[in-house]
Amino acid sequence: MHDRVKQTVSIVFLYVPTSVIIVIDQFTKHLASSYLDWIPDKILPFFSLTLACNTGAAFSMFKGAGGILLWIGIAFSLFFIYQIYRSRSGRLVEFAGYSCILAGAVGNVIDRLFRGCVIDFLHFHAGSPGEFGGYPYNFPIFNVADTAITVGFILIIWVLFTNARREKPELE
């Protein structure tokens, strides 16, 4: 009985942070799609809230490939569910990285399933707006899920580098 309780607690510990990130992502996308216009709402000189419906992948690459991107997102989600399960005895940083990537992938899969595109709204830019409201220097518009994926990959790369440094092969 004790092992079953321990296993249940570890599963909850593993997937609750992922669920929290997914909820935050979906809530902010709901707010963005409910209250933002397609015209940038400038918050700071270098930051606007701009509603965008991205049918492509990161940075709007492969626009219109939503169907295949949905299946790729589902495959990545299943892979990272397995990685989280497997890393239960691993380092906290590794778990956090997998959890962030899973949350971002699931958040974007939910959008593709129910909205037909991924809602983006965070927009960093520089320069004065042009004739049609565009900025000369733009970072692609993104969302909380994209941020979680980026943070997750940075954490996983950190784990890989620190493990590689720790496990240096001896030269003969």
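Computation of the quantities below employed the complete heavy-atom set of this structure, encompassing side-chain atoms and omitting hydrogens, waters and symmetry-equivalent molecules.
A donor-acceptor distance shorter than 3.5 angstrom exists from the side chain of Thr147 to the backbone of Asn143, with no hydrogens or angles considered. For the pair Gln26 (side chain) and Gly107 (backbone), a donor-acceptor distance under 3.5 Å is present.
With rounding to the nearest 0.5 angstrom, the CD1 atom of Ile21 is 10.5 Å from the CD1 atom of Ile149. Atom-to-atom distance recorded for Phe121:CZ and Ile141:CD1 is 11.0 Å, nearest 0.5 angstrom. With rounding to the nearest 0.5 angstrom, the OG1 atom of Thr150 is 11.0 Å from the CG atom of Leu155. Separating the CG atom in Asn54 from the CZ atom in Arg115 is a distance of 13.0 Å, to the nearest 0.5 Å. Between Ile72 atom CD1 and Phe79 atom CZ the span is 14.5 Å, to the nearest 0.5 Å. Atoms CG and OG, from Leu51 and Ser34 in turn, are 9.5 Å apart once rounded to the nearest 0.5 Å.
Ile119 and Asp111 get closest at one heavy-atom pair: N-OD2, 3.0 Å. Minimum interatomic distance between Ala145 and Lys29 (heavy atoms only, all atoms of both residues): CB-NZ, 4.0 Å. Considering every non-hydrogen atom in both Cys100 and Val151, the closest pair reads SG-CG1, 4.3 Å. Taking both residues in full, the closest heavy atoms of Ala103 and Thr18 are given as CB-O, 3.6 Å, listed atom of the first, atom of the second, then distance. Considering all non-hydrogen atoms of both residues, Gly73 and Ala105 come closest at O-CB, 4.3 Å. Considering all non-hydrogen atoms of both residues, Tyr15 and Ile81 come closest at OH-O, 3.1 Å.
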Checklist entry - Hey, mind stepping through Thr50 and Leu36 against side-chain contact (heavy atoms from CB on, under 4.5 Å) and telling me if it holds? => result CA-CA 7 Å; Thr50 306; Leu36 293 178; over 6 Å; no
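Val20 and Phe27 fall into different hydrophobic clusters, where Ile, Leu, Val, Met, Phe, Trp and Tyr are joined by side-chain heavy atoms under 4.5 Å apart, directly or via other members. Residue Phe153 is grouped with residue Phe95 when hydrophobic side chains (ILVMFWY) are merged at heavy-atom distances under 4.5 angstrom, including chains of intermediate members. Both Trp71 and Phe76 sit in one connected hydrophobic cluster of ILVMFWY residues. Membership requires side-chain heavy atoms under 4.5 Å apart, directly or through other members. Tracing side-chain contacts under 4.5 Å through hydrophobic residues (I, L, V, M, F, W, Y), one reaches Phe114 starting from Val106; they form part of the same cluster. Residues Ile154 and Phe139 fall into different hydrophobic clusters, defined by Ile, Leu, Val, Met, Phe, Trp and Tyr side chains chained together at heavy-atom separations under 4.5 Å.
Classification of the Phe124-Phe142 ring pair by plane angle, with boundaries at 30° and 60°, yields parallel.
With no hydrogens or angles considered, a side-chain donor-acceptor pair links Asn108 and Asp146 at under 3.5 Å.
Checking each of Ile110, Val109, Leu102 against Ile22 for a side-chain contact (heavy atoms from CB on, under 4.5 Å) leaves exactly one that passes, namely Ile110.
Under a cut-off of 6.0 angstrom, the local environment of CD1 in Ile39 is sparse, with at most 12 non-hydrogen atoms contributed by other residues, nucleotides or ligands. A 6.0 Å sphere centred on CZ of Phe47 holds more than 12 heavy atoms belonging to other residues, nucleotides or ligands.
The shortest side-chain heavy-atom distance between Thr55 and Cys117 falls under the 4.5 Å cut-off.
Residues meeting the ring-ring contact (aromatic ring centres under 6.0 Å, His included) test with His125, sequence neighbours left out: His123, Tyr135.
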